[in-house]
Every structure is written in C-alpha cells, then in structure tokens.
**Student:** 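This structure is in structure tokens; I'll ask about it shortly.
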Amino acid sequence: MSTSTSHSPSFATARQATPARTAAAAWPYCRYLYLALNIAILVFLLAPIAIVVVFALNPTPFIQFPPVGVSLRWFEKFFASRDFMHALGFSLEVAVLTTLSATLLGASAALALARGNLPGTRLIVATMLSPLMLPAILTGLALFQTYVLLDVGRPTWGLVAGHTLVTLPYVARTTLAVLHNFDTRLEEAARNLGASPLRTFFEVTLPLIKPGVLAGAIFAFIVSFDQFPVSLFLVSPGNETLPVTLFNYLKFDLDGTIGAASVVSIVLAFVVVIGLDRTVGLRSYVKL
Amino acid sequence: MSSTATTRPNGLALFILPSALLFALFFFLPIGLMALMSVLTGNPVVMPKVAFTNRHYARMIGDPYYLEVIWTTIRIGLVTTLVALLIGYPLAHWMARIKSRTGHALLLMAVLAPMLTGIVVRTFAWMTLLSDKGVVNQTLMSLGLISQPLKLMYTETGIVVGLVHIYVPFMVLTLTGVIGRIDERLEQAAENLGASPLRAFLEVTLPLSLPGILAGSLLVFALAISAYVTPILLGGFQIMTLPILIYQQISANFNVGFAAALGIVLLMISLLLVIAYNRALGLVSGQRELQ
C-alpha cells in the first residue's frame, strides 16, 4: 500500500460519486443493524456482572427474580464470616507476595531480554509467555505432583511460586513493550555525559520503564487475586484463597453471600483498573 | 530494533537468571516429573519397587469412557470457539473502527470488565441466570412464554454459554488488533467502486482478517478445553471433561500416575494449539512487513 497523502483527496472526491451513494442508499438499515447487534453483545457481556450486584443486595435467602428489596445483610454475613475473612486475608497476602516476586523477576528478565544482547531472545520470550497459553490447571497439577514427590507439603511459598509463574508473563510483556518503544539514545546520551551505567539505569532507564512495570504489577495483582486453577491444587484445607472458598461454597449454597463476596472482589478489581488507567492508560497493555 | 544484536551478551543479560531459575524449578522440572509419573507404576519416593509402564495410556485408549470424555471436552471447546467468534467479531470490528477516543475507551472497559471479574464470580452469575428458578426462567415464565422452566443449567448448552462469556474478551482483543491493522481505505475503495458495505466487508475485510480469526479461535479453544470451574458448576458434576477428570483422579482416587497421563494428553493438545497460534499471528506480522 502506498502511504503518500496525495491519494487522500482523490478518495474524498470518489466518495461523492454516484456508485457510493447508491450502495449506501441500498443499505439504510445496515448501520442500525450493526449497532443493535453490538449493543446486544455488550449487554451479554455486562448483564451478568450487574445481576451479581442485584443478588448481593436482594434480601431473600434464595435466588429470586425480580428482586424484592435492598438490604446489606449478605455483606454483613460475608464480613462476619471467619472463613471468608480468612480467605480474603490469605488471598491478599498471596497476591501481594506474587506481585512483588513477579514484578521483580519479570521486569529484570525484560531488561535482560531487551538490553542484554542475549542469543535466542525470541525463544526465551516465547517460553516466558507460555504459562499464559498452557492450561493453568496443568501448572497446578505438575507443581502439586512435584511437592508431593519432594514431600514439602503445601506451603504458602509453593502457592506464591505457582502464582508467580502465571503472572510473570504480564509484567515481562508490558515492560518489554516500553523498553522497545523508548529511545535508546537517551541512555547513550547519559553515558556520554559521564554517568556510570548504574546511575544511567536509575536516573534514565528506570523512570522511563516505570509505567510498563507498574501496569504489569497491577495486572499481576488482579490475576493472582482471581487465580483459581493453580490454587485449587496448591492450597491446604483451612488455608484457602477467596476464589477456592467461593467455589467450595457454591457447590452447596447459592445465596446472597456469594453475591456480596463477588461485589467485594469486583470493586477491588475496578479500583485497581481505574488506578491503572490513571497511571498509564489502558491502551498500553492490551496489545496482543 | 537496535543493531547491537550482533555483539556478545553484556552484564544486563545476567538479569535473566532469577526468572530462568524460577522456570527451571517450578515449570520445566514439574512438567518433566509429570511426564515421568505418567509412565511409572507408582510414586518412586514412597514405593521402593517402581517400574516403567504404559498402562495409564493404555487405560485411556482402551476404555471408551475416557475417549468419550476427551471428545466431550473437544466438542465443548469447538462450539465455544465458534460462538465466541460469531459474538466477538462484530464487537472487535466496532472497536477497531470507532472514531471517538471516548467510545473506544468505553468499549475497551466493557470488554475488560468481565475479564477482571474472577472466573468463579462469573460462573456464579451464570448460575443465577440459568438455574430453574434463575432470572431467565423466571422472566420467561412471568411473561407467560413458557409454563415449565427450561433446562438451561446442567447441560452442555449452559456450559458453552458460561465459557463463551468468559473467553470472548480474548477473541475480541486478538481480532481488534488484526482488524485495526487492515487499511480502512481498502474497504472504502471497494464501496466507491460500487460494492455494498456487506460485500465490501465479505470480500475485503473478512479475508484480510483470517489470520486474526485463526489466532483468536485457537486461543479461545485452548482456554476452553482447559476450563475447570465453569464446566463443573454449570454442568452440575454431570458432564465430564478432561480437566474435571484430572482433578477427580487427584482428589477422589489419588491416582497420580493416571492424572499425569491425562495431563500429558491435555498438554500435547495445548502445545499444538500454541504453536499454531504463534504461526497464525506470525502470518499477520508477515503481511504487515510485505506492505
């Protein structure tokens, strides 16, 4: 394709020509159909989330629709439940530890890949991103078997290691994206002006890659907080993460407490996403 | 890309080591052990006499039940992928072509919001919608459209609906990237030459977005066949898929060897899909380089 702008005016004039007019006139409802279809799809995507909020506020002990009123009793029950509170605390603990390790490891790996002149970079990147594509349930199963074989039990660090594996790719990807985008001449300039490699790193490189690292860290936190398949195999009874506790509860009960718990985790995710949007903008990390 | 790639690794290359160690100890070693366990008669740590065997794989191939489970898993994956594509394409097209920045940001939010809501929470949402006394049945009954509740939950249809909702954002994001790279002027040129918008879409945009369709479909299929929560909760323990069977072998039967063999089968299917996915996305960037 030619990218010269001199073609644009001819396109503009061509749009006024008769064939285009007739084509558009023959499809008067095309545009409306397209919009209606897309709005229906958006409803499909978002309605279930809205429904969860409705059930969290509906006071009846069983799922009832339409809702009969508004109450906070399920939120009270959720926050009063020892099991749920313990699970929430444990989930937050695991998510924080995972975010720290995934950010540290992922960002340094990205730095090595972008600046270290490593051979086989493409293969290393593909390997590092592979936990995203391979079934997480297999990561859980394989780690579970390893811990059984090595007889280490089900320690928290084992769970954090599993979570780090599935969150590190996000940090590596966002950090690599910024590293590839920024002008390496800035680093060279700093070096030429007499800064040591260490000083160049802390005063030039680090501030520039911060948005990517931060975006990856926030994503790692959310993914770890919501992680289920790896946790399923690696948690020990009495020390479960919130998604596992919710899952076990759901197998037998379907009341508003789950709704309340869901709203709490949705609110948490949204707070984090709004934070993400404020700090780096959403567009930067959804490039696939 | 910089042209320094020809020089030798420098000090920064050492920063790869912590991640390399993590992957070696917690990814490659465990998967290797899983492969090993799948061909052993028992746990070598607790059992002194352990021999190599192919009985776990023979059991899987010999028993029609397990082949049926594998086929159910693949069938659910295929239907989920197809529906996700049909739903995801229009939305991805809109996202790629929308002019307003606010509009784009809102659409992106709408696609990401479900992604950021945990799988368990979203499955719960579908349970409240699809159960016998759920929102869909209550609404249809109060409107007098049906007298008996429709059986939506504990069916494959229910599982597919839940899985589509969970994985359609991945389809949308993959397709948006690919459609966004197709020059909009090609479509306009076709329309200026007299093609209807539908024909311009079918003969220009759709063929050019085929690699994206392929990549998105492979991604959704890979995710759908490895799903555990949604099939078990919306299937009500009545429909057996590979991941459910794997977990059952661990939790109920403690048959680690057979679970490992099932895991290796799932791993092989996924690996093939990952390679195909990368090829498909490679096709997109290849096209781009040609332009």
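To find a chain, count down the sequence lines: A is the first, B the second, and so on, and within it residues start at 1.
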**Student:** Just how far is it from atom CG of Leu36(B) to atom CG of Leu29(B), taken to the nearest 0.5 Å?
**Tutor:** 10.0 Å
**Student:** Would you say Ser265(A)'s side chain and Ala261(A)'s backbone share a donor-acceptor pair under 3.5 angstrom?
**Tutor:** yes
**Student:** Counting heavy-atom pairs under 4.5 Å with chain A, which one of Ala113(B), Ala35(B), Gly177(B), Ala20(B) comes out on top?
**Tutor:** Ala113(B)
**Student:** Quick one: which of Ser226(B), Gly88(B), Pro30(B), Ser270(B) has the most heavy-atom pairs under 4.5 Å with chain A, could you say?
**Tutor:** Pro30(B)
**Student:** Let me know if Leu45(A) has heavy atoms under 4.5 Å from chain B in its side chain, its backbone, both or neither.
**Tutor:** both
**Student:** Counting heavy-atom pairs under 4.5 Å with chain B, which one of Ser262(A), Pro48(A), Ala126(A) comes out on top?
**Tutor:** Pro48(A)
**Student:** So which part of Pro229(A) gets closer than 4.5 Å to some heavy atom of chain B, the side chain, the backbone, both or neither?
**Tutor:** neither
**Student:** Does Tyr249(A) have more than 12 heavy atoms from other residues, nucleotides or ligands lying within 6.0 Å of its OH?
**Tutor:** yes
**Student:** Please find out if less than 6.0 Å separates the ring center of Phe201(B) from that of Tyr34(A).
**Tutor:** no
**Student:** Below 4.5 Å, heavy-atom pairs only: which of Ala40(A), Pro131(A), Gly140(A), Gly106(A) has the largest tally toward chain B?
**Tutor:** Pro131(A)
**Student:** Is it the backbone or the side chain of Thr127(A) that comes under 4.5 Å from a heavy atom of chain B, or both, or neither?
**Tutor:** both
**Student:** Hey, which of Leu242(A), Asn38(A), Asp226(A), Leu37(A) has the most heavy atom pairs under 4.5 Å with chain B?
**Tutor:** Asn38(A)
**Student:** Taking all non-hydrogen atoms of both residues, which atom of Ser231(A) and which atom of His163(A) are closest, and how far apart?
**Tutor:** OG-NE2, 2.9 Å
**Student:** Where on Val168(B) is there a heavy atom nearer than 4.5 Å to chain A: the side chain, the backbone, both, or neither?
**Tutor:** side chain
**Student:** Please name the pair of heavy atoms, one in Pro169(A) and one in Met128(A), separated by the smallest distance, quoted to 0.1 Å.
**Tutor:** CG-O, 3.3 Å
**Student:** Between Glu187(A) (side chain) and Thr205(A) (backbone), is there a donor-acceptor pair under 3.5 Å?
**Tutor:** no
**Student:** What part of Leu107(B) is in contact with chain A, defined as an atom under 4.5 angstrom from a non-hydrogen atom: side chain, backbone, both or neither?
**Tutor:** side chain
**Student:** Between Phe228(A) and chain B, which part of the residue has a heavy atom less than 4.5 Å away: side chain, backbone, both or neither?
**Tutor:** side chain
**Student:** Indicate yes or no for a side-chain donor-acceptor contact from Ser19(B) to the backbone of Ala109(A) under 3.5 Å, with no hydrogens or angles considered.
**Tutor:** no
**Student:** Ignoring hydrogens and angles, write down the donor-acceptor pairs under 3.5 Å from the side chains of residues 120-127 of chain B, residues two or more places apart or on other chains.
**Tutor:**
from: Arg122(B); atom 1: NE; to: Pro114(B); atom 2: O; distance (Å): 2.9
from: Arg122(B); atom 1: NE; to: Thr117(B); atom 2: O; distance (Å): 2.9
from: Arg122(B); atom 1: NH1; to: Pro114(B); atom 2: O; distance (Å): 3.1
from: Arg122(B); atom 1: NH1; to: Ile166(B); atom 2: O; distance (Å): 3.4
from: Arg122(B); atom 1: NH2; to: Pro114(B); atom 2: O; distance (Å): 3.3
from: Arg122(B); atom 1: NH2; to: Thr117(B); atom 2: O; distance (Å): 3.3
from: Thr123(B); atom 1: OG1; to: Ile119(B); atom 2: O; distance (Å): 2.8
from: Thr123(B); atom 1: OG1; to: Thr230(B); atom 2: OG1; distance (Å): 3.3
from: Trp126(B); atom 1: NE1; to: His165(B); atom 2: ND1; distance (Å): 3.1

**Student:** Given heavy-atom pairs under 4.5 angstrom as the criterion, report whether the side chain, backbone, both or neither of Phe144(A) touches chain B.
**Tutor:** side chain
**Student:** Which heavy atom of Pro243(B) sits nearest to which heavy atom of Thr73(B), and what is that distance?
**Tutor:** CD-CG2, 4.3 Å
**Student:** Is Leu168(A) in contact with chain B via its backbone, its side chain, both, or neither, using a 4.5 Å heavy-atom distance?
**Tutor:** side chain
**Student:** Between Asn58(A) and Val54(A) (side chain of the first, backbone of the second, donor and acceptor by atom type, cut-off under 3.5 Å), is there such a pair?
**Tutor:** no
**Student:** Under 4.5 Å from any heavy atom of chain A, what part of Ile250(B) do you find: side chain, backbone, both or neither?
**Tutor:** side chain
**Student:** Under 4.5 Å heavy-atom distance to chain A, tell me which part of Leu233(B) shows up: side chain, backbone, both or neither.
**Tutor:** side chain
**Student:** Which residue out of Leu266(B), Ile31(B), Val111(B), Ile232(B) racks up the most heavy-atom pairs below 4.5 Å with chain A?
**Tutor:** Leu266(B)
**Student:** Heavy-atom cut-off 4.5 Å, strictly under: side chain, backbone, both or neither for Leu35(A) against chain B?
**Tutor:** side chain
**Student:** So which of Ile137(A), Leu143(A), Leu165(A), Leu113(A) has the largest heavy-atom pair count under 4.5 angstrom toward chain B?
**Tutor:** Leu165(A)
**Student:** Angle class for the Phe233(A)/Tyr247(B) ring planes (parallel below 30°, perpendicular above 60°, tilted otherwise)?
**Tutor:** perpendicular
**Student:** Can you tell me which portion of Ile124(A) sits under 4.5 Å from chain B's heavy atoms? Options are side chain, backbone, both or neither.
**Tutor:** side chain
**Student:** When only pairs under 4.5 Å are counted, which of Val148(A), Val52(A), Leu138(A) shares the most heavy-atom pairs with chain B?
**Tutor:** Leu138(A)
**Student:** Please report the closest heavy-atom contact between Thr241(B) and Ala227(B), naming both atoms and the distance.
**Tutor:** OG1-O, 4.4 Å
**Student:** By a 4.5 Å heavy-atom criterion (distance strictly below it), what part of Ile87(B) contacts chain A: side chain, backbone, both, or neither?
**Tutor:** both
**Student:** I'd like to know which of Thr146(A), Val244(A), Thr164(A), Ile266(A) tops the heavy-atom pair count under 4.5 Å against chain B.
**Tutor:** Thr146(A)
**Student:** Which residue, Leu273(B), Val274(B), Thr174(B), forms the side-chain contact (heavy atoms from CB on, under 4.5 Å) with Leu219(B)?
**Tutor:** Thr174(B)
**Student:** Which atoms of Leu42(A) come close to chain B, meaning under 4.5 Å heavy atom to heavy atom: side chain ones, backbone ones, both, or neither?
**Tutor:** side chain
